[in-house]
Amino acid sequence: YMAAKLGRKLITVACNEDTTATDLLGRHLLIGGETRWTDGPVTRAVREGAILYLDEVAEARADAIVVIHQRQDLSLDRTGETLHAPPEFMLVVSFNPGYQRSMRELKPSTRQRFIGLGFSYPAEDLEIRIITGETGIEDKQARSLVSIAKKVRALTELSLLESVSTRLLI
């Protein structure tokens, strides 16, 4: 939505536990019998002044996280190139703090490089509308699901590794 509103190109990466710095920056590939450098999404976004969105960034490997520490200049050791990020370049990351595995958190030194926005669950009536709209179930069923979810979400003393998300309800 933000990229569309700004009329900017968006490059999205769905990070996971196998995402490496090489996946983000790029690599040399064998193409038609020649070895050629191929930009990764971070490098492409910097070159093009795009918005780069790293979804679930805390799931990526530690070497990938280090890539986002390079703020304005991007050093590509494998090509000897240094890219200067244009003013249009924007990095947006998302992750669910404390989700599933507490060891998958961003370090404070990484988090403080960003402006943080926290999101909570939708208001009850909105969550019911979301569920009925996405699933087609009756309002009464959606209301029951949201009621159960609210009770489970309030069980903080159980230290649940995962709560009941709207996505899970759907």
Side-chain angles (χ1 to χ4, degrees), residues 1-123 126-127 129-130 133-134 153 161-170:
Y1 177 80
M2 180 175 60
K5 278 297 238 188
L6 296 173
R8 304 269 299 288
K9 181 174 182 176
L10 174 67
I11 298 173
T12 301
V13 178
C15 298
N16 61 57
E17 63 274 357
D18 295 323
T19 303
T20 66
T22 300
D23 294 328
L24 297 178
L25 294 174
R27 57 177 45 97
H28 285 96
L29 296 174
L30 188 59
I31 301 171
E34 289 184 51
T35 302
R36 291 191 200 159
W37 173 259
T38 303
D39 286 344
V42 171
T43 306
R44 277 196 336 269
V46 169
R47 286 190 201 279
E48 298 172 17
I51 297 173
L52 175 64
Y53 173 48
L54 301 178
D55 186 26
E56 296 298 345
V57 71
E59 292 295 316
R61 290 183 14 183
D63 67 313
I65 302 296
V66 171
V67 169
I68 67 175
H69 278 249
Q70 299 182 50
R71 297 182 49 135
Q72 295 178 349
D73 292 335
L74 181 62
S75 297
L76 301 174
D77 295 337
R78 295 183 180 193
T79 65
E81 196 175 3
T82 298
L83 301 177
H84 304 287
E88 304 82 40
F89 172 73
M90 187 181 301
L91 175 61
V92 178
V93 302
S94 67
F95 71 101
N96 297 310
Y99 177 71
Q100 290 184 337
R101 291 171 279 180
S102 60
M103 68 178 157
R104 292 299 202 170
E105 293 283 342
L106 288 181
K107 294 188 311 185
S109 62
T110 302
R111 288 182 75 150
Q112 64 189 216
R113 294 172 185 269
F114 295 92
I115 295 170
L117 299 174
F119 296 95
S120 60
Y121 295 104
L126 176 57
E127 191 166 31
R129 284 197 320 267
I130 292 168
E134 292 293 323
R153 291 170 185 161
L161 292 177
E162 185 173 349
S163 189
V164 180
S165 67
T166 304
R167 178 175 44 205
L168 181 61
L169 295 176
I170 291 169

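Along the sequence shown, the residues carry numbers beginning at 1.
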To the nearest 0.5 Å, what is the distance between [atom1] on [X] and [atom2] on [Y]?
| X | Y | atom1 | atom2 | answer |
| --- | --- | --- | --- | --- |
| M90 | I11 | CE | CD1 | 13.0 Å |
| R61 | N16 | CZ | CG | 10.5 Å |
| T20 | I65 | OG1 | CD1 | 11.5 Å |
| L25 | T43 | CG | OG1 | 5.0 Å |

Taking side chain as C-beta onward, heavy atoms only, is L24 less than 4.5 Å from L54? yes
Is there a side-chain contact between L169 and E127, using heavy atoms and a 4.5 Å cut-off? yes
Provide the full list of salt bridge (Lys or Arg N to Asp or Glu O under 4.0 Å) pairs with a residue in residues 24-33, sequence neighbours left out, each pair given once. D23-R27
Identify the heavy atoms of [X] and [Y] that sit nearest to each other, and give their distance.
| X | Y | answer |
| --- | --- | --- |
| V164 | Y121 | O-CE2, 3.6 Å |
| C15 | A60 | CB-CB, 4.1 Å |
| A14 | T19 | O-OG1, 4.3 Å |
| L76 | R47 | CD1-NH2, 4.2 Å |

Would the distance check show the side chain of D63 and the main-chain N or O of A21 forming a donor-acceptor pair, the cut-off being under 3.5 Å? yes
D55: salt bridge (charged side-chain N to carboxylate O under 4.0 Å, His left out) partners, not counting sequence neighbours: none
Which residues satisfy the side-chain contact (heavy atoms from CB on, under 4.5 Å) test with [X], sequence neighbours excluded?
| X | answer |
| --- | --- |
| R78 | T22, H28, W37 |
| L10 | A3, T12, I51, Y53 |
| E134 | I130, I170 |
| S120 | none |

Listed by chain and number, what are the side-chain hydrogen bond (donor to acceptor under 3.5 Å, both in side chains) partners of E48, not counting sequence neighbours? K9
With sequence neighbours excluded, tell me which residues meet side-chain hydrogen bond (donor to acceptor under 3.5 Å, both in side chains) with T38. none
